[in-house]
Student: 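Structure provided below as structure tokens; questions to follow.
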Amino acid sequence: MTGTLYGVGLGPGDPELVTVKAARLLGEAGVIAYHSARHGRSIARSVAAPYLREGQIEEALVYPVTTETTDHPGGYQGALDEFYAACAARLAVHLDAGRDVVVLCEGDPLFYGSYMHMHKRLAGRYPTEVVPGVTSISGAAAALGRPLVERDETLTVLPGTLPPEELAARIGAGPVAIMKLGRTFTKVRAALEEAGRLDDAWYVERATTGAQRLAPLRDVDPDSVPYFSLALLPSPVGAPLPLPEHPRHEGPGEVAVVGLGPAGRPWLTPEAQDALATADELVGYGPYLDRVPPNPRQKRHATDNRVEAERAEHALSLALAGSRVAVVSSGDPGVFAMASAVLEAATQERFTGVPVRVVPGLTAAHAVAARVGAPLGHDYCVISLSDQLKPWDVVARRISAAAAADLVLAIYNPASKTRTWQVGVARDLLLEHRPAHTPVVVGRAVGTPQETIVVTTLGDLDPAEVDMRCLLIIGSSTTRVAGDVVFTPRRYPA
């Protein structure tokens, strides 16, 4: 097995801008290779140093020439080509021996990077992976706090080694980055002046490092310019755009009645996330509000669970004053929850013109059903056992009617601290129409760490095991239990 060649981009100079993947490979590789001038100092190695470990093999690839002349028969380019070939041969020995080789590169390996000379010679012979890095252009723009390009602008990237007249012709009117300054600085500045863009140009030296320098390019002394610098003509930035007054808006705000699902962020829809994120004020029952992460930008109004009408009117009043209000509900807000309360309150004349929208959520019935399979696979009905807002005799008649119609029942609000007898009475009403072996699912706190799911039968259902955090699913005559799965077939017997 041969080793793998990695071209690893280290970013513009700040070691904290090394990517997580690059840092991992720097620590794992058997061989670390890096280029340097004849002085032996490597910026790439200094950036990588925090991530290296003891015992790694280092291959210093020292250029035979940089700016000086050479007597090589092939001239300057011939000397470099011979150097690159020799470096590739050195690295190939490690790769043939099964050692992974990481070649360090400032910025991005394939963006004016020295690594690409190894890549062209070795990538076709060995497994190769290039790990991109933050480019010096991106680092320079970040250091200046100026956008590179936006909308339909085009960024032009030029090497400063081009002839001055060609530079001037290519600069154009849009954003421009000119690389490789150093000895080319004087002609680059002349080209910018010829193109009428000198006043737009910024000089950025060693971006993101402790030696970073930023200045209008026209003010820079040419004798102070190192190779690791660039000229940047970023996208223009005008005066700051006006912000709307916050949190109040012109005219009424809105009320979004938001379903949080049964529990936890994974069951929160993207639409609900957006409604919560854009709200100025949150209104809801305290435990439900606690499920929304606090944001100091937002005001929170927690209320008791038994004041739905007052809560709805409070939310509408906040919206009438200009706030974007999110009223939170567990599960789906339209199922035994706040949507109907808010919509009923919104019919009052004083709230005319206040927009109200309902943002659906995953219901508790569907969450419990999914945990066991598909007990709601055929016709079913949803009933609340609470007699707080309707008399018990209505609840009882509906239970009996659903049982007689052979519907699967999803029963909400089966019990509470003050309501302890309804589950037993409901069970007895159902047994008048259903056999004792009818499957029953008891789902408690679904989606939370306290979740429990019990599959039992109507005859064995123990009311003492049911509380307010439970939802019951009572099967029909066709509901089946197969191992751990409960389902109701879609076909009904003739």
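Here, residue 1 is the first one in the sequence, and each next residue gets the next number.
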Student: Within the 4.5 Å heavy-atom criterion, are His301 and His314 side-chain neighbours or not?
Tutor: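 Side-chain contact under 4.5 Å: yes.
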Student: If we only count heavy atoms from C-beta on, is the Pro375 to Val486 side-chain gap below 4.5 Å?
Tutor: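 Counting from C-beta outward, Pro375 and Val486 do come under 4.5 Å.
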Student: Under a 3.5 Å distance rule, please check whether Arg311 uses its side chain to pair with a backbone N or O of Asp304 as donor and acceptor.
Tutor: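 Such a contact is found between Arg311 side chain and Asp304 backbone.
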Student: May I ask you to decide if Pro147's main-chain N or O and Ser235's side chain share a donor-acceptor pair within less than 3.5 Å?
Tutor: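 No, because the side chain of Ser235 does not come within donor-acceptor range (under 3.5 Å) of the backbone of Pro147.
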Student: Which heavy atom of Ala23 sits nearest a heavy atom of Tyr51, and at what distance?
Tutor: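 Closest approach of Ala23 to Tyr51, heavy atoms only: CB-CD2, 3.6 Å.
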Student: Can a donor-acceptor pair be found between the side chains of Tyr126 and Asp96 at a distance below 3.5 Å?
Tutor: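 A pair is found: one side chain offers a donor N or O, the other an acceptor, under 3.5 Å apart.
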Student: Please report the interatomic distance NE2(His119) to CG(Leu5), rounded to the nearest 0.5 Å.
Tutor: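 Answer rounded to 0.5 Å: 8.0 Å.
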Student: Do Thr363 and His366 have side-chain atoms, one donor and one acceptor, less than 3.5 Å apart?
Tutor: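 Short answer, yes.
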Student: Is the side chain of Ser224 donor-acceptor paired with the backbone N or O of Val220 at a distance under 3.5 Å, no angle test?
Tutor: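 No, because the side chain of Ser224 does not come within donor-acceptor range (under 3.5 Å) of the backbone of Val220.
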Student: Can any side-chain N or O of Ser323 pair as donor or acceptor with the backbone N or O of Val325 at less than 3.5 Å?
Tutor: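 Side chain of Ser323 to backbone of Val325: no pair is present.
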Student: Is a donor from one side chain sitting under 3.5 angstrom from an acceptor on the other, for Ser229 and Arg213?
Tutor: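 Not at all, the side chains of Ser229 and Arg213 share no donor-acceptor pair under 3.5 Å.
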Student: Do Ser330 and Arg291 pair up side chain to side chain, a donor and an acceptor below 3.5 Å, judged on atom types alone?
Tutor: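 Yes, Arg291 and Ser330 have a side-chain donor paired with an acceptor closer than 3.5 Å.
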Student: Identify whether the distance between the nearest side-chain nitrogen and carboxylate oxygen of Glu465 and Arg444 falls below 4.0 Å.
Tutor: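 Here Glu465 does not pair with Arg444 in a salt bridge, since their nearest N and O are not under 4.0 Å apart.
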Student: Ignoring hydrogens and angles, tell me if any N or O in the side chain of Asp108 forms a donor-acceptor pair with the backbone of Val134 under 3.5 Å.
Tutor: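 No; judged by distance alone, with no hydrogens or angles, the pair does not exist.
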Student: For Pro12 versus Gly139, what's the shortest heavy-atom pair and its separation?
Tutor: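 That would be CG-CA, 4.2 Å.
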Student: Are Pro262 and Leu362 packed together at the side-chain level, in the sense that at least one heavy-atom pair is separated by less than 4.5 angstrom?
Tutor: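 In short, these two side chains touch, coming nearer than 4.5 Å.
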Student: For Met179, run the side chain to side chain contact (heavy atoms under 4.5 Å, CB included) check against Ile137, Leu232, Leu158 and tell me which one passes.
Tutor: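 Considering Ile137, Leu232, Leu158, a side chain to side chain contact (heavy atoms under 4.5 Å, CB included) with Met179 is found only for Ile137.
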Student: Just to verify, which of Leu260, Val358, Val342, Val359 counts as forming a side chain to side chain contact (heavy atoms under 4.5 Å, CB included) with Pro333?
Tutor: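 So, applying the side chain to side chain contact (heavy atoms under 4.5 Å, CB included) to Pro333 and each of Leu260, Val358, Val342, Val359, only Val358 qualifies.
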Student: Taking the side chain as every heavy atom from C-beta outward, state whether Pro234 and Pro175 have any pair of such atoms under 4.5 Å apart.
Tutor: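 Side chain of Pro234 against side chain of Pro175, heavy atoms only: no contact under 4.5 Å found.
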Student: Look up atom CG in Asn413 and atom SG in Cys470, then write down how far apart they are to the nearest 0.5 Å.
Tutor: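 Those atoms lie 11.5 Å apart.
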Student: Look only at the side chain of Gln56 and the backbone of Leu26, and say whether a donor-acceptor pair between them is shorter than 3.5 Å.
Tutor: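 Checked: pair present.
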Student: Hey, are the side chains of Arg41 and Ser36 touching, using non-hydrogen atoms and a 4.5 Å cut-off?
Tutor: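 No, side chains not in contact.
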Student: Report the distance from atom CD1 of Ile32 to atom OG of Ser42, rounding to the nearest 0.5 Å.
Tutor: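 Here the rounded value is 11.0 Å.
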Student: Counting N and O atoms only, with roles assigned by atom type, does the side chain of Arg197 sit under 3.5 Å from a partner on the main chain of Gly172, one being a donor and the other an acceptor?
Tutor: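 Judged by distance alone, yes, a pair lies under 3.5 Å.
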Student: As an exercise, state the distance from CG of Leu214 to CZ of Arg206, rounded to the nearest 0.5 Å.
Tutor: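 So the gap between those two atoms works out to 13.0 Å.
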Student: Any Lys/Arg nitrogen of Glu194 or Arg189 sitting under 4.0 Å from an Asp/Glu carboxylate oxygen of the other?
Tutor: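 No.
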Student: Ignoring hydrogens and geometry beyond distance, is a side-chain donor-acceptor pair present between Glu82 and Tyr84 at under 3.5 Å?
Tutor: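 No - no donor-acceptor pair under 3.5 Å links their side chains.
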Student: Is it true that the side chains of Glu308 and Tyr285 contain a donor and an acceptor less than 3.5 Å apart?
Tutor: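 No, because no side-chain N or O of Glu308 sits under 3.5 Å from a partner of the opposite role on Tyr285.
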Student: Could you state the interatomic distance from CD1 (Ile453) to CG (Asp484), rounded to the nearest 0.5 Å?
Tutor: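 Answer for the CD1-CG pair, Ile453 versus Asp484, is 11.5 Å.
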Student: Should the pair Arg53-Glu28 be classified as a salt bridge under the 4.0 Å nitrogen-to-oxygen rule?
Tutor: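 No, no charged N to carboxylate O under 4.0 Å.
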Student: Would you indicate whether the side-chain heavy atoms of Glu281 and Gln298 approach each other to under 4.5 Å?
Tutor: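 The answer is no; the side chains never approach within 4.5 Å.
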Student: Got Asp332 and Pro360 here, is their nearest side-chain heavy-atom distance under 4.5 Å?
Tutor: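 Heavy-atom side-chain distance check passes, below 4.5 Å.
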Student: Do the side chain of Tyr288 and the main chain of Val283 share a donor and acceptor less than 3.5 angstrom apart?
Tutor: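 It does not hold such a pair.
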Student: For Thr208, is there any backbone N or O sitting under 3.5 Å from a side-chain donor or acceptor partner on Gln212?
Tutor: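 Between the backbone of Thr208 and the side chain of Gln212 there is a qualifying donor-acceptor contact (under 3.5 Å).
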Student: What I'd like to find out is whether the side chain of Leu276 reaches to under 4.5 Å of the side chain of Val328, using heavy atoms alone.
Tutor: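 Yes; the side chains approach each other to less than 4.5 Å.
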Student: Among Arg99, Arg45, Arg90, exactly one meets salt bridge (charged side-chain N to carboxylate O under 4.0 Å, His left out) together with Glu59. Which residue is that?
Tutor: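 Result: among Arg99, Arg45, Arg90, Arg90 is the only option passing the salt bridge (charged side-chain N to carboxylate O under 4.0 Å, His left out) with Glu59.
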Student: Rounded at 0.5 Å granularity, tell me how far OH in Tyr115 sits from CG in Leu10.
Tutor: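 Separation between the atoms: 13.0 Å.
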Student: Has Thr4 got a side-chain atom pairing as donor or acceptor with Asp100's backbone, closer than 3.5 angstrom?
Tutor: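 Here the side-chain-to-backbone pair does not exist.
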Student: Locate the shortest heavy-atom distance separating Arg121 from Ala85; write the atom from each residue and the value.
Tutor: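 Smallest interatomic distance, heavy atoms only, reads NE-N, 3.8 Å.
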Student: Passes salt bridge (Lys or Arg N to Asp or Glu O under 4.0 Å), Arg371 versus Glu451? Steps please.
Tutor: CA-CA 10 Å; Arg371 285 294 196 248; Glu451 173 183 314; 2.8 Å; yes
Student: Between Lys21 and Glu129, does the salt bridge (Lys or Arg N to Asp or Glu O under 4.0 Å) criterion hold? Intermediate values first, please.
Tutor: CA-CA 12 Å; Lys21 184 169 186 176; Glu129 183 175 351; 2.3 Å; yes
